[in-house]
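Data first, discussion second: the structure below is written as structure tokens.
Worth saying up front: this structure is predicted, and the values here are computed from it rather than measured. In the text below, chain A, chain B and the rest are named by the order of the sequence lines, each starting its count at 1.
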There are 2 protein chains.
Amino acid sequence: MPKAKYEKIYQIIKERIEANEYEYQQLLPSENTFVTEFNSSRNTIRRALVSLANEGYVQSLQGKGVRVIYQPHRTSQYSLSGIESLYESTQRNQTIYSTKVILFVKLIVDEKIHKRTSFPVGEEIYYMQRVRFLENVPLIIDHNYFLTKVVSHLTAEIAEESIYNYLENTLDIHITTAKRIVTVEPITQIDEEYLQLDGLNCVAVVSNYTYNDDGVMFEFTQSRHSPKHFEFHQFAQRTRPYLV
Amino acid sequence: MPKAKYEKIYQIIKERIEANEYEYQQLLPSENTFVTEFNSSRNTIRRALVSLANEGYVQSLQGKGVRVIYQPHRTSQYSLSGIESLYESTQRNQTIYSTKVILFVKLIVDEKIHKRTSFPVGEEIYYMQRVRFLENVPLIIDHNYFLTKVVSHLTAEIAEESIYNYLENTLDIHITTAKRIVTVEPITQIDEEYLQLDGLNCVAVVSNYTYNDDGVMFEFTQSRHSPKHFEFHQFAQRTRPYLV
DNA sequence: TGGTATTTGTCCGTATGTATC
DNA sequence: GGATACATACGGACAAATACC
């Protein structure tokens with residue numbers, strides 16, 4: 001539940017767009033109209049609108065108005081990131097989701113792990129491998145690394161459920177920023193063993209660097225995706241061209 | 001050249017971070033310090049800082065300060081998107097960049113093209129295929145679709161050079177927003193013919209939907225990347241966990 | 001063609017809240 | 001408790017682009 005006023009307004013307008021109350025390509029009510037509706041300053045309205053623009057819901061056109069450019073996903077139900085997370089997707093589609101832990105160890109960062117994760121050498125970490133299923137289809141193999149000094153008392157049982165539940169609710173750790181890098185890599189033996197690749201010899205790899213609100217990078221996760229179901233979304237505003 | 005004050009301030013602070021004037025994990029000068037340095041309001045400073053945070057340069061910590069979390073790329077020189085564009089990368093590394101047009105036609109959108117591009121059926125478009133080289137290595141095959149009613153008088157010669165130069169400078173079209181979707185797909189005959197895949201049977205595909213500042217989607221581009229050199233960056237703030 | 005109203009973009013100043021030190 | 005630093009919110013002013021008459 002958001003506390004800030006601009007977040008509430010953002011949420012309300014977003015829901016109206018998703019409910020098609022404001023239609024694709026239509027102009028929203030003017031900022032001043034929202035000012036009277038929500039009884040706020042124009043600045044607060046603008047903050048909400050800027051957030052919506054940043055997430056690809058609307059586009060502001062000076063002198064004209066604010067146009068809706070959101071379109072519901074017509075693509076894969078496994079769509080990831082950007083506007084909608086896998087979690088939201090599972091909720092919306094009422095799909096069955098499960099996780100199987102195939103490795104769970106505690107170890108010390110050496111030079112090799114440092115190169116992969118950029119955790120400092122000598123730090124103690126949890127390392128686990130997990131297979132993630134949607135509708136009983138193995139979609140993703142996760143390699144998770146957590147700093148033990150931030151994430152304490154992790155167990156395989158917790159990893160089988162939701163780690164982020166544990167972080168948020170039990171340890172009261174809040175993630176605020178994350179870097180993600182998508183690459184495509186040749187398959188490993190583990191990939192081949194657990195994922196249904198149908199002859200494809202690559203996987204989509206999302207490397208995820210997660211920071212808590214102290215600015216400490218406490219998690220590195222490499223998610224190796226079955227190519228067939230992989231989809232990664234990005235929205236950019238006032239962007240440079242993608243390729244020269 | 002940015003006109004707005006907050007953009008200039010954003011640019012200056014960004015350059016200081018990239019020049020390591022403000023170091024990784026160090027706190028920036030406080031907002032009020034910047035207020036006096038740039039002789040502006042705190043609002044304007046905050047706008048610059050929020051932009052930097054959105055692009056992964058800094059992280060704001062209430063009560064503490066604003067921490068630098070930017071690290072220069074230690075990875076591939078072909079790194080794409082997010083913080084640094086391929087163009088900036090080529091500039092920085094002084095690499096040689098070239099394009100070869102292998103197909104250039106004008107055609108009408110039918111049902112099949114509509115499904116791929118989401119251009120309306122019946123619209124006239126330019127369709128071209130281009131191979132893109134870095135240091136004489138074929139990295140990417142582009143399939144570009146442009147609405148002729150927005151992008152007029154395109155030629156193969158222009159496509160061989162920089163289309164965006166033509167758009168920006170000759171046609172005065174400004175792109176403001178873009179959606180990108182990354183997927184991994186089996187290779188086609190064209191991929192195999194032009195890219196050096198070394199036995200890999202997948203390519204990384206970036207689908208790019210580009211809007212001009214009238215809110216018209218005038219370009220759809222599918223860029224098919226050689227997996228070895230592909231890297232796609234994203235930065236997210238106050239994000240949900242990547243996977244449940 | 002021109003003038004006026006509308007709408008978004010930028011910028012400023014101020015006040016108050018909240019977290020940290 | 002007090003000082004510092006970021007977060008939120010309000011209100012006002014003017015600029016720039018557009019729409020309308």
Side-chain angles (χ1 to χ4, degrees), chain A residues 1-13 22 25-54 57-69 172-174 176-177 211-216 237-238, chain B residues 1-13 22 25-54 57-69 172-174 176-177 211-216 237-238:
Chain A
M1 187 72 76
K3 295 173 301 180
K5 198 168 178 177
Y6 78 92
E7 282 184 90
K8 289 181 192 164
I9 295 171
Y10 156 85
Q11 196 62 39
I12 291 169
I13 298 178
Y22 303 133
Q25 289 293 345
Q26 184 187 326
L27 293 183
L28 292 186
S30 77
E31 292 175 356
N32 282 323
T33 310
F34 280 133
V35 165
T36 58
E37 176 184 348
F38 293 112
N39 192 26
S40 73
S41 72
R42 210 185 124 211
N43 269 333
T44 304
I45 298 297
R46 283 183 60 74
R47 253 185 108 165
L49 292 177
V50 165
S51 300
L52 288 167
N54 285 335
Y57 281 88
V58 300
Q59 182 186 26
S60 288
L61 306 169
Q62 187 171 358
K64 285 188 187 164
V66 179
R67 176 172 293 154
V68 177
I69 58 171
D172 200 40
I173 294 172
H174 300 284
T176 51
T177 55
Y211 292 72
N212 68 5
D213 50 15
D214 288 331
V216 177
Q237 220 190 352
R238 263 186 228 149
Chain B
M1 186 73 74
K3 295 173 302 182
K5 199 167 178 178
Y6 78 93
E7 282 185 271
K8 289 181 192 164
I9 295 171
Y10 157 85
Q11 196 63 37
I12 291 169
I13 299 177
Y22 304 133
Q25 290 293 344
Q26 184 188 324
L27 293 183
L28 292 185
S30 76
E31 293 176 353
N32 282 322
T33 310
F34 281 134
V35 164
T36 59
E37 177 185 348
F38 293 112
N39 191 27
S40 73
S41 73
R42 218 189 117 211
N43 268 335
T44 304
I45 298 297
R46 282 182 61 73
R47 260 185 100 165
L49 292 177
V50 164
S51 300
L52 288 167
N54 285 335
Y57 280 88
V58 300
Q59 180 185 28
S60 287
L61 306 169
Q62 188 172 358
K64 286 186 185 166
V66 179
R67 177 171 292 154
V68 177
I69 58 172
D172 200 41
I173 295 172
H174 299 284
T176 53
T177 55
Y211 293 72
N212 69 4
D213 50 14
D214 288 331
V216 178
Q237 219 189 349
R238 262 187 227 149

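Residue B:S51 comes nearest to B:Y10 through the heavy atom pair CB-CD1, 3.7 Å, listed as atom of the first residue, atom of the second, then distance. Taking both residues in full, the closest heavy atoms of B:V35 and B:R42 are given as CG2-CA, 3.6 Å, listed atom of the first, atom of the second, then distance.
Atom pair B:F38:CZ and C:dC12:P shows a separation of 12 Å (rounding to whole Å applied). Note: CZ (B:R47) to P (C:dC11) measures 7 Å, nearest angstrom. Going from atom CD1 of B:I9 over to atom C1' of C:dC11 covers 10 Å, rounded to whole Å. Atom CD in B:Q59 sits about 15 Å away from atom C1' in D:dA5, given to the nearest Å. One interatomic measurement links the two molecules: NZ of B:K5 to P of D:dC14, which rounds to 16 Å at whole-angstrom precision. Rounded to whole angstrom, the span from the CD atom of A:E7 across to the C1' atom of D:dA9 amounts to 13 Å. If you measure from atom NZ of A:K3 to atom P of D:dA9, you get 10 Å, rounded to the nearest angstrom. Atom P of nucleotide C:dT10 and atom CD1 of B:I45 are separated by 15 Å, given to the nearest angstrom.
With contacts defined as side-chain heavy-atom distances shorter than 4.5 Å, the pair A:K5/A:S40 qualifies. Using a 4.5 Å heavy-atom threshold, the side chains of A:E7 and A:K3 count as separate. Within the 4.5 Å cutoff, the side chain of B:Y57 has no heavy atoms near those of the B:I13 side chain. Side-chain contact between A:V58 and A:Y22 is absent, with no heavy atoms from C-beta onward closer than 4.5 Å.
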N/O-N/O pairs, protein side and nucleotides 4-8 of chain C side, under 3.5 Å:
{"residue": "C:dT8", "atom": "OP2", "partner": "A:E31", "partner atom": "N", "Å": "2.9"}

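Residue A:F34 is tested with A:L28, A:V66, A:I9, A:T44 for a side-chain contact (heavy atoms from CB on, under 4.5 Å); the sole match is A:L28.
At least one side-chain nitrogen or oxygen of A:Y6 sits closer than 4.0 Å to the OP1 or OP2 atom of D:dT8. Remark: A:S40 is not in phosphate contact with D:dA9, judged by side-chain N or O atoms under 4.0 Å from OP1 or OP2. Taking 4.0 angstrom as the limit, A:T44 places none of its side-chain polar atoms (N or O) nearer than this to OP1 or OP2 of D:dT8.
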